[in-house]
Amino acid sequence: MLNRRHLRIKALQNIFAWHMTEKKDVVSSQKTLMQSIDSVYEMYIRMLALLVDVTEYTANDAIERANKHLPTAEDLSPNQKLLHNKFAVILKQNPEYTAAINKYQVNWHADPELVKSIFIKLKDTKEYGAYLEEGEETLESSKEIIKFIFRKILLKNLNIVQAFEDKFINWSVDREVMQGMIAKTLKNFTSEDPFKNKLTPISADWVEDSRFVKDLFAYTLKNDIAYQELIAERTKNWESERIALMDTILMKMAICELMNFPSIPVKVTINEYLELSKDYSTPKSNSFINGILDKILNDLKRTNSIKKLGRGLIED
């Protein structure tokens with residue numbers, strides 16, 4: 001699931017894109033932001049669908065083997081246990097899953113050779129052989145081969161990775177989130193009644209989180225000039241062109257949180273943007289941003305510009 005840090009990253013990426021475009025349309029840019037978040041969920045659904053399609057390819061493989069020129073007895077009666085994998089069967093019947101498949105128009109059958117290549121690779125593994133030899137399958141035991149296919153086959157296959165990279169521009173950043181969502185789904189599917197299982201939501205509280213990321217994005221851009229003035233006041237000894245745009249955006253977002261999100265502690269805000277600077281800006285950005293934000297924070301406290309709901313939330 002997406003947590004607040006992931007949402008801050010999404011806002012950061014889209015605010016940066018907004019600054020890089022000539023047409024400054026906040027409404028359109030916010031729509032793009034929400035689409036970029038939705039793409040994480042689509043990535044998750046597409047991966048689940050690929051797992052299902054791999055299990056279903058068992059039937060295609062059986063037909064191909066039976067149609068050999070000289071089929072063996074095993075070819076004529078192959079073990080199709082994977083076709084009836086309990087987790088995959090229950091997932092296919094889950095209403096949330098079927099609705100999402102329709103929404104995103106997922107169809108891996110458009111590239112049958114890709115699914116076939118995955119199944120062939122799977123058949124050659126000792127793990128698959130051991131799976132076929134196991135006794136009666138339970139829902140929990142059926143998940144083990146799915147985990148293996150996901151972790152050891154799909155995520156390590158260059159063609160699969162390329163397919164997702166081509167579809168999702170932020171694959172390298174969002175991949176980890178998608179992996180966590182798949183793992184949570186495997187853990188949470190505990191009922192053999194498809195209607196009692198739930199897919200992993202995009203976040204723990206999407207009503208609250210969607211409001212957070214929309215407001216963070218909108219308020220940062222709405223107050224862009226005012227926040228720039230706060231930063232300029234504390235960077236008089238720096239030539240403006242020497243300050244990286246990413247550093248400026250990170251500081252503006254931090255100021256936005258300090259001033260507009262009363263339930264988020266000051267310390268959390270400062271730490272979050274310092275951590276983001278390590279991944280998204282220059283090696284020296286962390287100490288630079290820390291120093292400037294500390295001065296700005298003192299200015300905001302002095303003018304009583306920071307309002308927090310709970311005791312202790314304003315302390316850094």
Side-chain angles (χ1 to χ4, degrees), residues 43-102 104-157 159-160 163-164 178-179 181-200:
M43 183 189 299
Y44 158 66
I45 295 299
R46 286 186 179 275
M47 185 60 78
L48 285 177
L50 183 54
L51 285 165
V52 168
D53 282 4
V54 171
T55 67
E56 290 181 339
Y57 195 84
T58 308
N60 299 60
D61 181 68
I63 294 171
E64 290 178 8
R65 291 175 66 176
N67 288 333
K68 284 182 179 179
H69 178 58
L70 294 173
T72 64
E74 186 179 353
D75 290 329
L76 294 172
S77 183
N79 189 331
Q80 298 189 61
K81 181 179 180 180
L82 188 63
L83 179 62
H84 308 290
N85 179 275
K86 282 198 172 185
F87 172 79
V89 170
I90 291 170
L91 176 62
K92 285 187 289 185
Q93 297 171 350
N94 180 274
E96 282 185 297
Y97 173 76
T98 55
I101 291 293
N102 291 330
Y104 298 117
Q105 298 182 326
V106 181
N107 180 22
W108 285 103
H109 296 294
D111 192 354
E113 289 303 312
L114 186 64
V115 179
K116 180 179 180 178
S117 67
I118 293 299
F119 185 80
I120 290 174
K121 187 173 183 63
L122 172 65
K123 280 207 310 182
D124 289 336
T125 65
K126 66 179 186 299
E127 285 81 2
Y128 182 67
Y131 168 72
L132 296 181
E133 294 298 322
E134 290 174 358
E136 184 177 352
E137 185 174 76
T138 64
L139 175 55
E140 285 305 308
S141 67
S142 73
K143 296 176 184 178
E144 294 305 313
I145 192 64
I146 300 297
K147 291 177 186 177
F148 174 76
I149 296 171
F150 174 58
R151 297 170 181 169
K152 302 300 183 181
I153 306 291
L154 299 185
L155 293 180
K156 296 182 180 296
N157 186 283
N159 291 329
I160 296 298
F164 276 91
M178 179 274 295
Q179 289 178 223
M181 293 176 74
I182 295 286
K184 195 170 184 66
T185 303
L186 286 162
K187 179 180 179 180
N188 289 347
F189 266 53
T190 56
S191 174
E192 296 196 18
D193 181 348
F195 293 89
K196 291 184 178 180
N197 297 308
K198 297 291 184 182
L199 294 184
T200 305

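Quick caveat: nothing in here was measured; it's all calculated off a predicted structure.
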Y104 backbone acceptor or donor facing R46 side chain under 3.5 Å:
yes
Given the rule in the side-chain contact (heavy atoms from CB on, under 4.5 Å) test, do T125 and I153 qualify, once you have shown the distances and angles that lead to the verdict?
CA-CA 10 Å; T125 65; I153 306 291; 4.2 Å; yes
Looking at every non-hydrogen atom in both residues, tell me the closest pair between I101 and A49 and how far apart they are.
CD1-CB, 3.7 Å
Do S142 and L139 have side chains that approach each other closer than 4.5 Å (heavy atoms only, starting at C-beta)?
yes
So do F164 and M47 actually touch side chain to side chain, heavy atoms under 4.5 Å?
yes
Please round to the nearest 0.5 Å and tell me the distance separating atom CG of L199 and atom CG of N188.
10.0 Å
Say you draw a straight line from OG1 of T55 to CZ of F87; how long is it, rounded to the nearest 0.5 Å?
10.0 Å
The side chain to side chain contact (heavy atoms under 4.5 Å, CB included) partner of K116 among I118, L114, I120 is I120
Residues Y97 and N197: side-chain donor-acceptor under 3.5 angstrom:
no
Can you name the nearest heavy-atom pair linking I145 to L122, along with the distance?
CD1-CD1, 4.5 Å
Between V52 and A88, which heavy-atom pair has the shortest distance, and what is it?
CG2-O, 4.4 Å
For T98 and K92 the tightest heavy-atom approach is CG2-O, 3.2 Å
Can you find a heavy atom in the side chain of I182 that is under 4.5 Å from one in the side chain of L186?
yes
Rounded to the nearest 0.5 angstrom, the CZ-CG distance for F150 and L48 is 8.5 Å
N79/E133 under side-chain contact (heavy atoms from CB on, under 4.5 Å): CA gap, chis, key distance, verdict:
CA-CA 9 Å; N79 189 331; E133 294 298 322; 5.8 Å; no
Would the distance check show the side chain of T185 and the main-chain N or O of M181 forming a donor-acceptor pair, the cut-off being under 3.5 Å?
yes
Taking the side chain as every heavy atom from C-beta outward, state whether K121 and K152 have any pair of such atoms under 4.5 Å apart.
no
Around atom NZ of K81, are there more than 12 heavy atoms of other residues, nucleotides or ligands at under 6.0 Å?
yes
May I ask you to decide whether E74 forms a salt bridge with R65, counting only side-chain N to carboxylate O separations under 4.0 Å?
yes
For W108 and V106: C-alpha separation, side-chain torsions, deciding distance, then whether side-chain contact (heavy atoms from CB on, under 4.5 Å) applies.
CA-CA 7 Å; W108 285 103; V106 181; 3.9 Å; yes
Q80 side chain to A62 backbone, donor-acceptor under 3.5 Å
no
For a quick check under 3.5 Å, do Y57 and E64 share a side-chain donor-acceptor pair by atom type?
yes
Evaluate side-chain contact (heavy atoms from CB on, under 4.5 Å) for E137 paired with Y131, printing each intermediate quantity in order.
CA-CA 9 Å; E137 185 174 76; Y131 168 72; 2.6 Å; yes
Provide the full list of salt bridge (Lys or Arg N to Asp or Glu O under 4.0 Å) pairs with a residue in residues 142-151, sequence neighbours left out, each pair given once.
E140-K143, E144-K147
Within this structure, what is the CD1-CE distance for the pair I45 and M178, rounded to the nearest 0.5 Å?
11.5 Å
So OG of S141 and NZ of K86: to nearest 0.5 Å the spacing works out to 7.5 Å
Looking at L83 and V89, what are the two nearest heavy atoms and their distance?
O-CG2, 4.2 Å
Just how far is it from atom CD1 of I63 to atom OG1 of T58, taken to the nearest 0.5 Å?
11.0 Å
